[in-house]
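Below, each value reflects all heavy atoms present in this structure, side chains not excepted, and no hydrogens, waters or symmetry copies. Letters go in sequence order (proteins before strands), and every chain restarts at 1. Here the structure is a predicted model, which is why all the values come from computation and not from measurement.
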Number of protein chains: 2
Amino acid sequence: MEYSIGEFSKLTNLGIHTLRYYEHEHLITPGRNSNNRRCYTDKDLTWIDFIKRLKDTGMPIKEIQHYAELRAKGEPTLSERMEMLISHRKTLNEQINQLQEHMKKLDEKIEFYQRQIESITRE
Amino acid sequence: MEYSIGEFSKLTNLGIHTLRYYEHEHLITPGRNSNNRRCYTDKDLTWIDFIKRLKDTGMPIKEIQHYAELRAKGEPTLSERMEMLISHRKTLNEQINQLQEHMKKLDEKIEFYQRQIESITRE
DNA sequence: ATACAATGTAGAGTAAACTCTATGTCAAGA
DNA sequence: TCTTGACATAGAGTTTACTCTACATTGTAT
């Protein structure tokens, strides 16, 4: 299937301005039809989903850009891309660990508040 | 103990510009000495650590601002603050779950790459 | 006495990632 | 034929959270 930018925008939940911005930043390169309109494919959909995953895990656009560049070069860059992902996996892991630590402290604070409120209510 | 902005900056790993910015945004209100210099206390240190925790878990400055406002009003706002933390706890939990999901997908992708690379190497 | 280092204020500048505006083209329906 | 509505480009504007600059003041070491 092929999609116009409007359709693709709905499928991806990314505004059409954002899609054009991503193209401008070379993250994605949709084809064009005879009228110069963008033609997105299902492959683009998979790719955008992956971009969103990288973004959601804190990878900056610049780095995704680099990944996209390697991807465009195809097979010879496979291992370099894998190394990027492995390194990203590491930071993601650290991120999760830190958030869990924060969660623990937050829980402690909430418990503290709970005790405070109880002791005031009892007065 | 009391600290000058320079000392406090080192203790907190926040630049002095950032500390003044936080003050401007009413996140923290250090006392002043006779010469109008800022005087940070150990209580400020604990508070800044908590601010950092909220920031690191994705709470925007505006919301921390609101929390700080309630905190300044003292005891009567205890339960409202606790509710904020409970609600934040929920989003933090969702955040962690989503990152774990992303991690899973990332691992799958890495494994896929590994197999690709192996099959090419064997050629 | 004077130079220096840290501090003060006010306001400008920066970076990232969008988001919007102005203006123009073009195919399809009334 | 005329008018929408979706799309195109180029470039300006926005938001968040800093970060820096310019300039004034002040306590301390030489």
Side chains of B:D42 and B:Y3 in contact at under 4.5 Å (non-hydrogen atoms): yes

Using a distance-only test with no angle check, is there a side-chain donor-acceptor pair under 3.5 angstrom linking A:R32 and A:N36? yes

Is the ring centre of B:Y40 less than 6.0 Å from the ring centre of B:F8? yes

Rounded interatomic separation in angstrom, taking CZ from A:R37 and P from C:dG24: 17 Å

Send over the distance from A:Y22 OH to C:dA17 C1', rounded to a whole Å. 8 Å

Under 4.0 Å between a side-chain N or O of B:K55 and OP1 or OP2 of D:dT16? no

Let me know the distance between CG of A:L54 and P of C:dA16, rounded to the nearest Å. 18 Å

Between NZ of A:K52 and C1' of C:dC18 the distance, given in whole Å, is 15 Å

I want to confirm an ordering. Mapping A:N35 and A:T18 to their closest nucleotides on DNA chain C, which one lands closer to the 5' end? A:T18

Which sits closer to the 5' end of DNA chain D, B:S34 or B:I61, going by the nucleotide each is nearest to? B:I61

When the distance from NZ of B:K10 to C1' of C:dT7 is rounded to whole Å, what number comes out? 13 Å

Any B:S4 side-chain N or O less than 4.0 Å from OP1/OP2 of C:dT7: yes

Whole-Å gap separating C1' (C:dG8) and CZ (B:R38): 7 Å

If the cut-off is 4.0 Å, is A:K62 near the phosphate of C:dA15, judged by side-chain N/O to OP1 or OP2? no

Residue from A:R81, A:E80, A:E75 passing side-chain hydrogen bond (donor to acceptor under 3.5 Å, both in side chains) with A:T77: A:R81

Gap between atoms NE2 and P, on B:H24 and C:dG11 respectively (whole Å): 9 Å

Salt-bridge test for A:E23 and A:R38: reply yes if a basic N is under 4.0 Å from a carboxylate O, no otherwise. yes

Where the side chain of B:R20 is defined as all heavy atoms beyond and including C-beta, which of C:dC20, D:dA8, C:dT9 is the nearest nucleotide? C:dT9

Between P on C:dA5 and CD1 on B:I16, what's the gap in Å once rounded to a whole number? 15 Å

